[in-house]
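Working notes, beginning with the structure itself.
The structure presented is a predicted model; accordingly, all values stated were derived computationally and were not measured. For ligands, and for the atoms within them, numbers begin at 1 and follow the listed sequence.
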Amino acid sequence: MAKPERLKNLIGGEWVEPRSGAYLERHNPADSRELVAIYPASNAEDAEAAIAAAQKAYPAWRLTPAPRRAEILYRAAELLVQRKEAFARDMTREMGKVLVETRGDVQEAIDMLYFMAGEGRRLYGQTTPSELANKVCMTTRAPIGVAGLITPWNFPMAIPSWKLAPCLLCGNTAVLKPAEDTPLSSLNLVRILIEAGLPPGVVNIVMGRGAEVGAVLVNDERTRIVSFTGSTTVGRQVGQQAAARFKHCNLELGGKNAILVMADADLDVAVDGSLWGAFGTSGQRCTATSRIVVERSVYSKFVQRMTERTRELKIGNGLDEAHQVGPIVNARQLERIAEYVAIGRNEGARLVIGGAALNQGELAHGHFFAPTIFADAKPSMRIAQEEIFGPVVTIMPCDGLDEAIAIANGVGYGLSSSLYTANVNAAFRALRDLESGIVYINAPTIGAEVHLPFGGMRNTGNGHRESGMATLDVYSEWKTLYVDYSGHLQRAQIDTQE
Ligand code: UN1
């Protein structure tokens, strides 16, 4: 077992102990006997000190040319490439995902840093003619100030990179509050940014509990941007509090993503995709496939194949490359998943496989849950409506594309959806009619790429997007510039030529 790391906050370029002197422990969810990290239980004072440090660093960073800011992100990407394997291992020990997936998480941060590094020499605005002679009009993206970034445990390096890279590139400074379950993986990204040459105070990290640290980042007048990824319940509060102070606020919340399988689909490809979408990351993605709607003529065949493949999945410690499904992040989440299985049973859905925690043999010291399939469920059931965030998928029959789309759209969330079909007309109708921020054809609901917008409709967010060019709208303010070189007063709307 590796030695536990003792982590510190980073405030104004200094690694510091929390004001309270109190620390929290993070244990490996695959084997709770292993202590992975000891990290600060920070309080409001620590958060306020970090905001002050970010505010102090802002004037110089704001005036650093964007291509220079971008070069630091580029160097960070290069360093991350070198450190990929070590950080993936840290992440597997810290939050449980299997190694191929934690490598993917680090890779997603690398991709984001390269992508935003390129943006340093673009950050395009518009130039447009004026209605008056001898006058030019243009727009530019202006930085906003200090950002409070609150990130989840399921993508503990990728999601901080989605926020930090565009935030810093645009000329803002930041305070990052990583999830309680994953301080180390988020800190590893911050360490790399510092090593790449980010000046003191431009990025700060304060670890601890959401109620103590996160609340300050959201409510303090000095943070002008708030970006939050997490539950819809907390997101609603964050949004309301940020709105009261007119902050730029980006919310990435829950999902209840569906794969639709039509009778003409390649069933093997659909089963492969469904398996990966439902049980990859043990279902702990906001994009996870948690519903599958299958056309009735292939329904039993699909359920049968899906069940067989699920039975073959190898579950265990993610550091062992033979394992395909790792543990659940913590005991609380494990309990929540078990509660949903009980709910599904009481509602009368048919439990086909799984349905219980696994704690025999090598799994005895971890938070493991068997990949679980409910079949013959009704779209109105709670297991088909509410986000479970675990390896539980609900399969429902349907009669044709229209009904499938109606079921997919019939939930409160709208993050990701997918259609498996060989019919091009059906594919384009689904692309148009599925009410989700991301739609896939012949691919599962997970697997978004960093250079395209990521986010969802309805209770999944507040209309903003992360990733892609769209994220620049969260981290910059449009400034409209008019320059009149006529040498006399010209009045818009008034001095028109009759
Ligand atoms: C998340 O589910 O919280 O599209 C993020 C995906 C990943 C990101 C998921 N690239 O599944």
Side-chain angles (χ1 to χ4, degrees), residues 84 88 91 94-98 100-116 149-166 178-179 181-182 185-186 189 227-235 250-259 272-291 325-326 328-329 333 387-393 413-418 434 436-457 459-461 464-468 470-471:
K84 180 172 168 179
M91 196 186 294
E94 184 175 52
M95 61 72 71
K97 285 196 286 200
V98 296
V100 278
E101 292 192 32
T102 52
R103 287 182 192 127
D105 194 309
V106 179
Q107 186 59 46
E108 199 158 338
I110 294 169
D111 296 343
M112 193 59 178
L113 288 164
Y114 278 135
F115 173 54
M116 278 298 148
L149 310 177
I150 303 171
T151 53
W153 47 262
N154 65 338
F155 278 81
M157 187 175 280
I159 292 181
S161 83
W162 292 3
K163 299 187 195 300
L164 276 172
D181 288 314
T182 52
S185 298
S186 304
L189 175 67
S227 181
F228 171 84
T229 301
S231 72
T232 293
T233 312
V234 177
N250 159 62
L251 305 170
E252 289 298 339
L253 312 173
K256 191 70 189 172
N257 316 292
I259 284 183
D272 276 344
S274 300
L275 209 66
W276 172 230
F279 302 132
T281 325
S282 304
Q284 303 171 110
R285 295 196 190 207
C286 42
T287 51
T289 305
S290 61
R291 299 178 293 154
V325 181
I328 304 305
V329 72
Q333 287 296 119
E387 185 174 52
I388 300 175
F389 228 71
V392 179
V393 70
Y413 298 106
L415 180 53
S416 181
S417 47
S418 142
L434 283 167
S436 57
I438 304 171
V439 183
Y440 291 93
I441 301 293
N442 295 330
T445 55
I446 67 177
E449 302 179 28
V450 300
H451 54 302
L452 290 106
F454 181 96
M457 300 175 180
N459 298 347
T460 292
H464 283 288
R465 293 291 182 264
E466 298 207 279
S467 294
T471 192

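For the 3.5 Å distance criterion, the side chains of W162 and E108 qualify, holding a donor opposite an acceptor. At a cut-off of 3.5 Å, with distance as the only test, no side-chain donor of T445 or S418 sits close to an acceptor on the other residue.
The closest side-chain heavy-atom distance from M95 to D181 is not below 4.5 Å. Proximity of L149 to L164: side-chain heavy atoms (C-beta onward) are separated by under 4.5 Å at one or more points. Side-chain contact between F228 and L253 is present, with heavy atoms from C-beta onward closer than 4.5 Å. Side-chain contact check for M112 versus P166: some heavy-atom pair is nearer than 4.5 Å. Counting heavy atoms from C-beta outward, M116 and T471 have side chains that approach closer than 4.5 Å. Two residues are said to be in side-chain contact when any heavy atoms from C-beta on lie closer than 4.5 Å; I259 and P444 meet this criterion.
Of the protein's heavy atoms, G447 N, 3.2 Å lies nearest to atom 6 (C) of ligand 1. With hydrogens left out, the protein atom closest to atom 9 (C) of ligand 1 is F155 CE1, 3.6 Å, a heavy atom.
Here E449 has no heavy atoms under 4.0 Å from ligand 1, in either its backbone or its side chain.
Here is the list of ligand 1 atoms found below 4.0 Å of a heavy atom in I159: 3 (O). Under a 4.0 Å criterion applied to the non-hydrogen atoms of N154, ligand 1 contributes the atoms 1 (C), 2 (O), 3 (O).
At a 3.5 angstrom cut-off on N or O pairs, T287 counts as close to ligand 1. Here's the thing with C286: one of its N/O atoms is less than 3.5 angstrom from an N/O atom of ligand 1. In terms of polar-atom proximity, defined here as any N/O pair under 3.5 Å, A448 does make such a contact with ligand 1. Backbone and side-chain nitrogen or oxygen atoms of I446 are examined, and none is located within less than 3.5 angstrom of a nitrogen or oxygen of ligand 1. Of the polar atoms of R285, at least one N or O is found under 3.5 Å from an N or O of ligand 1, judged by distance alone.
The closest approach between a heavy atom of I438 and any atom of ligand 1 is not below 4.0 Å.
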